[in-house]
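Have a look at the structure below before the remarks.
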Amino acid sequence: KAQPKDIEEVIGEWVRNAKEHYNTELTGFLLIKGSFTVHLLEGESDILNLFLRYLHEEFNRDKTRYSGINVLTFNEENPERCFGSWYSENVFQSGPPIVDIDKTEQQMIERTWQIYNLFCAAGQKALKAKDRAGVKLGADVPLTNEDLYMLMQKRFIGINEYAEVYLGDLEIDIDSEHVFPY
């Protein structure tokens with residue numbers, strides 16, 4: 001049996017395929033911290049949805065490996081990208097300790113946007129770097145264990161729910177009982 005690809009390989013292949021097959025470049029940063037990954041991926045929304053559809057298909061094949069995927073946001077309003085390339089970095093972290101999250105809903109929303117801004121600031125730093133191949137961004141996105149567990153909370157949409165809501169076929173019911181009477 002073949003060894004399953006790690007998430008860095010899976011996403012790296014998608015980045016290359018997007019360039020080769022769809023003539024578009026995906027950019028962003030994959031931060032691997034122990035058993036957690038946090039990823040900001042930038043690109044055309046139809047290509048990003050193809051990628052999310054692929055992840056959902058993988059989830060249906062191997063629920064244990066892909067069960068922890070949450071889509072925190074899908075924003076089509078960014079006029080420009082934070083990153084000029086796609087980066088990946090594995091930052092050592094020992095096994096995940098148990099963490100209690102005692103944040104309110106508002107605090108979780110605020111911290112999620114702070115994390116997003118940390119990623120964007122790291123991307124701006126990478127854009128300015130002369131040697132892009134040697135860029136290390138992990139230290140620029142200091143995530144605590146509490147941050148990582150917070151991002152995995154059920155308040156965010158899982159890959160299965162995302163697929164049902166945003167990637168499924170739209171069904172229109174024209175039954176006369178459901179039509180507005182005017």
Side-chain angles (χ1 to χ4, degrees), residues 2-19 25-43 47-48 51-52 54-56 58-59 62-75 78 80-103 107-160 162:
Q3 181 87 7
K5 296 177 189 173
D6 65 24
I7 196 69
E8 187 174 14
E9 288 177 282
V10 170
I11 297 172
E13 284 178 8
W14 260 93
V15 169
R16 286 187 297 280
N17 287 338
K19 191 168 193 137
E25 188 167 357
L26 298 177
T27 58
F29 179 46
L30 170 68
L31 176 62
I32 303 167
K33 200 165 183 184
S35 61
F36 292 96
T37 59
V38 181
H39 192 213
L40 183 138
L41 187 61
E42 304 170 309
I47 304 302
L48 293 177
F51 175 65
L52 288 169
Y54 167 77
L55 287 177
H56 181 253
E58 290 300 306
F59 165 79
D62 184 359
K63 289 192 179 356
T64 57
R65 185 165 183 226
Y66 290 88
S67 64
I69 296 174
N70 281 345
V71 179
L72 303 183
T73 184
F74 192 100
N75 188 346
N78 290 349
E80 57 188 54
R81 296 183 187 191
C82 298
F83 292 84
S85 299
W86 182 74
Y87 298 90
S88 176
E89 189 172 338
N90 195 335
V91 177
F92 175 77
Q93 176 174 316
S94 60
I98 296 174
V99 176
D100 272 339
I101 299 169
D102 58 349
K103 293 186 182 308
Q107 288 172 321
M108 288 174 70
I109 291 168
E110 288 171 9
R111 182 60 184 153
T112 302
W113 283 111
Q114 289 170 358
I115 292 168
Y116 173 78
N117 287 325
L118 286 171
F119 270 84
C120 289
Q124 293 302 310
K125 178 183 174 183
L127 280 173
K128 294 175 185 172
K130 292 179 181 160
D131 176 23
R132 289 195 180 169
V135 170
K136 296 288 184 199
L137 302 175
D140 296 318
V141 186
L143 300 179
T144 66
N145 288 333
E146 184 181 53
D147 290 335
L148 296 168
Y149 279 96
M150 178 194 69
L151 296 174
M152 294 307 300
Q153 295 300 302
K154 290 294 179 199
R155 76 165 302 280
F156 299 108
I157 189 167
I159 191 69
N160 206 33
Y162 185 89

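Values below: all heavy atoms of this structure, side chains included; hydrogens, waters and symmetry mates excluded.
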For Phe51, check ring pair (Phe, Tyr, Trp, His ring centres under 6.0 Å) against everything at least two apart and list the hits. Trp14
Excluding sequence neighbours, so at least two apart, what forms salt bridge (charged side-chain N to carboxylate O under 4.0 Å, His left out) with Glu110? none
Nearest 0.5 angstrom please: Asp147 CG to Met152 CE, how far? 13.5 Å
For Ile159 against His56, the heavy-atom pair lying closest together: O-CD2, 3.7 Å
Ignoring hydrogens, what is the shortest heavy-atom contact between Gly138 and Leu31? Give both atom names and the distance. CA-CD1, 4.0 Å
Please identify each residue that fulfils side-chain contact (heavy atoms from CB on, under 4.5 Å) with Ser85, with sequence neighbours left out. Tyr87, Arg132
Start with the C-alpha gap between Phe29 and Val141, add the side-chain angles, then the distance that decides, and say whether side chain to side chain contact (heavy atoms under 4.5 Å, CB included) holds. CA-CA 10 Å; Phe29 179 46; Val141 186; 4.1 Å; yes
Give the table of side-chain donor-acceptor pairs shorter than 3.5 Å for residues 114-122, with sequence neighbours excluded, one pair per line with atom names and distance.
from, atom 1, to, atom 2, distance (Å)
Gln114, OE1, Arg111, NH1, 3.1
Tyr116, OH, Asn78, ND2, 3.0
Asn117, ND2, Trp113, O, 3.2

Side chain to side chain contact (heavy atoms under 4.5 Å, CB included), that's the test. Do Thr112 and Ile109 meet it? Break it down for me. CA-CA 5 Å; Thr112 302; Ile109 291 168; 5.8 Å; no
Measuring only between side-chain heavy atoms, which start at C-beta, is His39 closer than 4.5 Å to Ile11? yes
Contacts satisfying ring pair (Phe, Tyr, Trp, His ring centres under 6.0 Å) that involve residues 129-148 (not counting sequence neighbours) are none
Please determine whether the number of non-hydrogen atoms from other residues, nucleotides or ligands lying under 6.0 Å from atom NZ of Lys103 exceeds 12. yes
Under 4.5 Å between any side-chain heavy atoms of Phe36 and Leu148, yes or no? yes
Salt bridge (charged side-chain N to carboxylate O under 4.0 Å, His left out) contacts in which one or both residues fall within residues 84-93, not counting sequence neighbours: none
Output yes when a side-chain donor or acceptor of Glu42 lies under 3.5 Å from a complementary backbone atom of Leu26, and no otherwise. no
Here the pair of heavy atoms bringing Ile47 nearest to Ala18 is CG2-CB, 4.2 Å
Listed partners of Glu25 passing side-chain hydrogen bond (donor to acceptor under 3.5 Å, both in side chains), at least two apart: none
Sequence neighbours excluded, which residues qualify as side-chain hydrogen bond (donor to acceptor under 3.5 Å, both in side chains) partners of Lys19? none
Between Tyr54 and Val10, the two heavy atoms sitting closest are CE2-CG1, 3.5 Å
For Lys136, all residues meeting side-chain hydrogen bond (donor to acceptor under 3.5 Å, both in side chains), sequence neighbours excluded: none
For Thr37, side-chain contact (heavy atoms from CB on, under 4.5 Å) partners two or more places apart: Ile7, Leu30, Ile32
What closest approach, in Å, do Asp102 and Glu146 show between heavy atoms, and which atom pair accounts for it? OD1-OE2, 3.5 Å
By side-chain hydrogen bond (donor to acceptor under 3.5 Å, both in side chains), which residues pair with Glu9, not counting sequence neighbours? none
Atom of Ser88, atom of Glu8 and distance for their closest heavy-atom approach: OG-OE2, 2.7 Å
